[in-house]
Amino acid sequence: MLEYNPLACLPSSEELPDSDDTPVDNELQDLIPGLLKAILAIAWPERMDWFFGVDMGIYYDPDLPAIVPDGFLSLGVERFYDENLRPSYVLWEEKKVPILVLEVVSQKYRGEYSTKKIEYAKLGILYYVVYNPFRRRKRRLEVYKLVNNIYELHDGNPVWLPEIGLGIGIERGTYLGIPREWVYWYNQQGQRFLTPEEDRKLAQQQAHQAQQQAHQAQQEVQLLRQRLRSLGIDPDSLT
């Protein structure tokens, strides 16, 4: 865990660059963490103690440039500061190291299996997740947990993360109209959480079902009133 001198005049997040000017060279490096962030907003609608950053700089030393994972999750921090949101994630302001970082590998490696793993371990980030969509024989999703300052690879799909209260894994699905393999969050029973599209579709189906049930109930009431009248009973006299 990093320690900072509270008396030092450290720059604020507003004063630090909010981009490393490195273009995203693979669309999945934006879409996959973006999907995980969107699912969290559905899975944790009432919680305000988490933050998921996408392609955002993490500043850990005022004299060094930020590290920029494709995605990261922090717990025990404010979800929103204000309407301008966070320009970057500054450890000496947040006072919380991210609990999980995600790297989506492009066709050109950028240290995901070497230098980045070392950097994240030094910061004390508990979970390091690497997704490599281009692999065929080796596992595409790797979930590492920091144990005695060394990342250990965990088996399984999904992999349960008890400190987070979620599982993470891969399976085929459709997001933004794109059918392919995606990275999802899962509950403890191994059931994946819905995407925003799926959640909206489910809500529409439930609303339609409720309308049908209400219409059916109304028809049954009308049939009952007609039956009473056929027996010479005024249904309004029973109210």
Side-chain angles (χ1 to χ4, degrees), residues 13 16-41 43-44 50-60 64-75 77 79 85-91 94 96-135 138-146 151 153-154 157-159 161 164 166-171 173 175-176 178 180-186 192-193 195-196:
S13 58
L16 294 165
D18 58 4
S19 171
D20 62 356
D21 296 323
T22 300
V24 175
D25 56 0
N26 181 342
E27 192 175 9
L28 290 177
Q29 292 171 311
D30 177 62
L31 292 179
I32 286 176
L35 173 58
L36 289 173
K37 182 175 184 176
I39 294 174
L40 275 184
W44 292 343
W50 62 273
F51 176 74
F52 195 95
V54 177
D55 196 29
M56 176 181 286
I58 301 174
Y59 284 94
Y60 60 96
L64 295 175
I67 55 174
V68 187
D70 293 315
F72 66 90
L73 172 65
S74 285
L75 299 180
V77 299
R79 184 175 172 187
L85 307 179
R86 286 175 172 85
S88 56
Y89 192 89
V90 180
L91 290 187
E94 306 285 354
K96 286 284 186 178
V97 173
I99 194 170
L100 176 147
V101 293
L102 167 72
E103 293 287 354
V104 179
V105 182
S106 66
Q107 290 180 318
K108 180 180 179 181
Y109 288 174
R110 299 183 303 175
E112 290 88 354
Y113 300 103
S114 54
T115 56
K116 288 187 176 182
K117 185 186 291 187
I118 294 172
E119 289 179 342
Y120 296 142
K122 286 181 179 179
L123 288 178
I125 295 172
L126 185 61
Y127 289 105
Y128 177 45
V129 180
V130 184
Y131 176 61
N132 188 338
F134 302 101
R135 281 186 163 179
K138 295 183 179 180
R139 65 176 72 181
R140 290 183 296 280
L141 184 71
E142 296 180 331
V143 180
Y144 296 89
K145 184 174 183 179
L146 193 64
Y151 279 121
L153 181 63
H154 280 227
N157 180 43
V159 177
L161 315 174
I164 298 176
L166 295 171
I168 193 168
I170 53 175
E171 64 177 88
Y175 175 55
L176 297 179
I178 306 168
R180 70 171 318 278
E181 181 180 80
W182 295 98
V183 183
Y184 297 100
W185 297 114
Y186 294 77
R192 73 171 178 85
F193 287 95
T195 68

Who pairs with Lys145 by side-chain hydrogen bond (donor to acceptor under 3.5 Å, both in side chains), at least two apart in sequence or on another chain? Glu163
Run the side-chain hydrogen bond (donor to acceptor under 3.5 Å, both in side chains) test against Glu142 and tell me which residues pass, sequence neighbours left out. Arg135, Tyr144
Taking the side chain as C-beta and beyond, is there a heavy-atom pair between Val183 and Leu35 under 4.5 Å? no
Who are the side-chain hydrogen bond (donor to acceptor under 3.5 Å, both in side chains) partners of Tyr186, not counting sequence neighbours? Glu171
Note, Leu166 side chain near Trp44 side chain (heavy atom, < 4.5 Å): yes
Tell me, do Tyr184 and Ile170 make a side-chain contact under 4.5 Å, heavy atoms counted? no
Are the side chains of Pro98 and Leu91 in touch, meaning some heavy atoms are under 4.5 Å apart? yes
Taking the side chain as every heavy atom from C-beta outward, state whether Val104 and Leu31 have any pair of such atoms under 4.5 Å apart. no
Side chains of Val105 and Tyr131: does their closest heavy-atom pair fall under 4.5 Å? no
Residues which pass salt bridge (Lys or Arg N to Asp or Glu O under 4.0 Å) with Lys116, listed by chain and number, not counting sequence neighbours: Glu103
Quick one: list whatever passes ring-ring contact (aromatic ring centres under 6.0 Å, His included) with Trp182, sequence neighbours left out. Tyr175
For Arg180, all residues meeting salt bridge (Lys or Arg N to Asp or Glu O under 4.0 Å), sequence neighbours excluded: none
For Glu94, enumerate each residue passing the side-chain hydrogen bond (donor to acceptor under 3.5 Å, both in side chains) test, keeping only those at least two apart in sequence or located in another chain. Tyr81, Arg86
Just to verify, what does Tyr151 make a ring-ring contact (aromatic ring centres under 6.0 Å, His included) with, not counting sequence neighbours? Tyr128
Using side-chain heavy atoms (C-beta onward) and a distance below 4.5 Å, is Glu112 in contact with Lys117? no
Mind checking side-chain contact (heavy atoms from CB on, under 4.5 Å) for Leu64 and listing every partner two or more places apart, or none if nothing turns up? Tyr60, Asp61
For Arg79, salt bridge (Lys or Arg N to Asp or Glu O under 4.0 Å) partners two or more places apart: none
Go through the structure and list residues passing salt bridge (Lys or Arg N to Asp or Glu O under 4.0 Å) with Lys96, not counting sequence neighbours. none
